[in-house]
Amino acid sequence: MPELAEVEVARRNVARWWEGREAAEVIVHDAKVAGGDAAALERALRTRVASVDRRGKHLIVRLERGGALMFHFRMTGKIVSSPTPEPRFARLAWRVPGADWLVFKDQRRLGEVLVFGPGEVDAHEPIAQMGPEPYGLTGEDLSGLFGESRRRVKDLLLDQRVIAGVGNIAVSELFWRVGITPEARAHTVDAALLAALAAEMPAYFDWLVAGQMADEIMYMGEAEGAGAENPFDVYAREGEPCPRCGAEIERVVFGGRSTYHCPACQPK
DNA sequence: TCGGTTGTTATTGT
DNA sequence: GACAATAACAACCG
């Protein structure tokens with residue numbers, strides 16, 4: 001479940017493997033990822049890469065001559081470097097001279113790759129309407145972004161038009177770090193908590209990027225038995241003791257999404 | 001067989 | 001209009 005941190009790890013890897021080069025060979029395993037125009041996708045992949053950027057949870061590969069490719073991993077998508085073009089769940093593979101095959105894998109096929117002409121990516125609605133990255137913000141900035149909303153803080157953080165890159169896991173972890181109750185409404189959260197939240201976001205994402213940095217990132221629930229452990233303090237830890245105070249961690253559900261919290265550290 | 005999992009959007013309802 | 005809940009998308013795991 002790639003959120004900002006996982007996409008940032010992907011960005012660094014893909015930049016290392018692909019920047020300044022272009023694909024010499026392309027295999028579209030799954031026509032669905034090409035969005036109906038496999039030829040355009042192949043043409044883009046065969047264009048030299050100028051830079052690899054991240055915006056929120058989107059990976060933007062900018063090409064020479066101004067076009068771009070945009071990957072969105074949704075739930076289970078990822079890009080890996082592979083000696084063969086067809087590891088399990090491969091949807092798209094391209095071979096870059098001087099590197100291995102790069103493979104877009106996506107177990108559940110909800111991810112997408114979009115092709116853009118010059119100037120088009122930044123006008124693409126999800127990008128154009130996206131809120132600021134969660135870096136360098138103050139409590140007052142957050143207050144301004146939330147406005148007069150009476151929605152849950154959780155819902156606002158997950159709304160990419162309000163702020164970019166925050167996902168469901170991050171909400172549980174951030175609220176636990178800062179001491180915000182999961183049902184908190186935006187207009188009732190005091191300034192000190194908003195300031196703490198604003199300060200904690202970059203710290204949290206930087207910590208996660210540092211810990212996840214690897215050629216192939218492992219998502220929660222993957223690679224069980226392979227020694228991959230849940231790196232989070234409260235996420236997916238219902239019934240376990242809070243690492244800070246020992247109270248039992250609880251799970252609440254809003255809109256079908258779980259939020260984990262410590263009832264003692266995050267009182268209502 | 002059912003419930004749960006990640007992100008996002010369309011739809012329906014209060 | 002604001003807000004919230006649900007299903008759908010696809011596939012897998014326990």
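Numbers restart at 1 for each chain; the letters A, B, ... are given by sequence-line order, proteins then strands.
Heavy-atom distances under 4.0 Å link DNA chain B to no residue of residues 85-93 of chain A.
When the side chain to side chain donor-acceptor pair (under 3.5 Å) test is applied to A:Arg43, no partner is found at least two apart in sequence or on another chain. A:Arg48 meets the salt bridge (charged side-chain N to carboxylate O under 4.0 Å, His left out) test with A:Glu22; sequence neighbours excluded. Residues forming a salt bridge (charged side-chain N to carboxylate O under 4.0 Å, His left out) with A:Arg244 (at least two apart in sequence, or on another chain): none. Partners of A:Lys154 under the salt bridge (charged side-chain N to carboxylate O under 4.0 Å, His left out) rule, at least two apart in sequence or in another chain, do not exist in this structure. Residues forming a salt bridge (charged side-chain N to carboxylate O under 4.0 Å, His left out) with A:Arg12 (at least two apart in sequence, or on another chain): A:Glu8.
Summarising the geometry, the separation between CD1 on A:Ile169 and C1' on B:dT5 is reported as 9 Å, rounded to the nearest angstrom. Put simply, CZ on A:Arg161 is 11 Å from P on B:dT8, counting in whole angstrom units. With rounding to whole Å, A:Lys57 atom NZ is found 10 Å from B:dT9 atom P. In this structure, the CZ atom of A:Arg55 is 17 Å from the C1' atom of B:dT8, given to the nearest Å. Nucleotide B:dG4 holds its C1' atom 12 Å from the CG atom of A:Asn168, rounded to whole Å. Remark: P of C:dA11 and CZ of A:Arg74 are 15 Å apart, rounded to the nearest angstrom. Atom C1' of nucleotide B:dT8 and atom CG of A:Asp159 are separated by 11 Å, given to the nearest angstrom. Taking atom CD of residue A:Glu148 and atom P of nucleotide C:dC3, one finds them 10 Å apart after rounding to whole Å.
Applying the side chain to side chain donor-acceptor pair (under 3.5 Å) definition to pairs two or more places apart or across chains, those involving residues 59-72 of chain A are A:Asp53-A:Arg62, A:Arg62-A:Asp122. Among residues at least two apart or in separate chains, side chain to side chain donor-acceptor pair (under 3.5 Å) pairs with a member in residues 88-99 of chain A are A:Glu25-A:Arg95.
Applying salt bridge (charged side-chain N to carboxylate O under 4.0 Å, His left out) to A:Glu112 and the options A:Lys32, A:Arg74, A:Lys57 leaves one that passes, A:Arg74.
In the set C:dC3, B:dT9, B:dG7, B:dT9 carries the atom at the smallest distance from any side-chain atom of A:Pro126.
Nearest-nucleotide positions on DNA chain C for A:Ser149 and A:Gln107 put A:Ser149 closer to the 5' end.
At the phosphate of B:dG7, neither OP1 nor OP2 sits under 4.0 Å from any side-chain N or O atom of A:Gln160. When the side-chain nitrogen and oxygen atoms of A:His72 are compared with OP1 and OP2 of B:dG7, none of them lie within a distance under 4.0 Å. Regarding contacts with the backbone of B:dG4, every side-chain N or O of A:Ser258 stays at 4.0 angstrom or more from both OP1 and OP2.
Hydrophobic side-chain contacts under 4.5 Å tie A:Ile27 into a cluster, directly or through other members, with A:Val80, A:Trp101, A:Val103.
Using C1' as the reference atom, B:dT8 and C:dG1 are 22 Å apart when rounded to the nearest Å.
Contact annotation for A:Gly167: backbone-only contact, meaning every heavy-atom pair under 4.0 Å involves sugar-phosphate atoms and none involves a base. No engagement by A:Phe71 is indicated, since no non-hydrogen atom pair under 4.0 Å with the nucleic acid exists.
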I'd like a table of atom pairs between the protein and nucleotides 5-9 of chain C - only N or O on both sides, under 3.5 Å - with the distance next to each one.
residue	atom	partner	partner atom	Å
C:dA5	OP1	A:Arg152	NH2	3.4

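In this model, no donor atom of one side chain and acceptor atom of the other lie less than 3.5 Å apart for A:Asp100 and A:Ser82.
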Contacts table for residues 248-256 of chain A: side-chain donor-acceptor under 3.5 angstrom, sequence neighbours left out:
residue	atom	partner	partner atom	Å
A:Arg251	NH1	A:Ser258	OG	2.6

(message) Could you write out DNA chain C as dot-bracket? Rules: Watson-Crick or G-U wobble, both distances under 3.5 Å, brackets [ ] for crossings, | for pairs with another strand, dot for unpaired.
(response) .||||||||.||||

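Shown here is A:Arg16, whose CZ atom has more than 12 heavy atoms of other residues, nucleotides or ligands within 6.0 Å.
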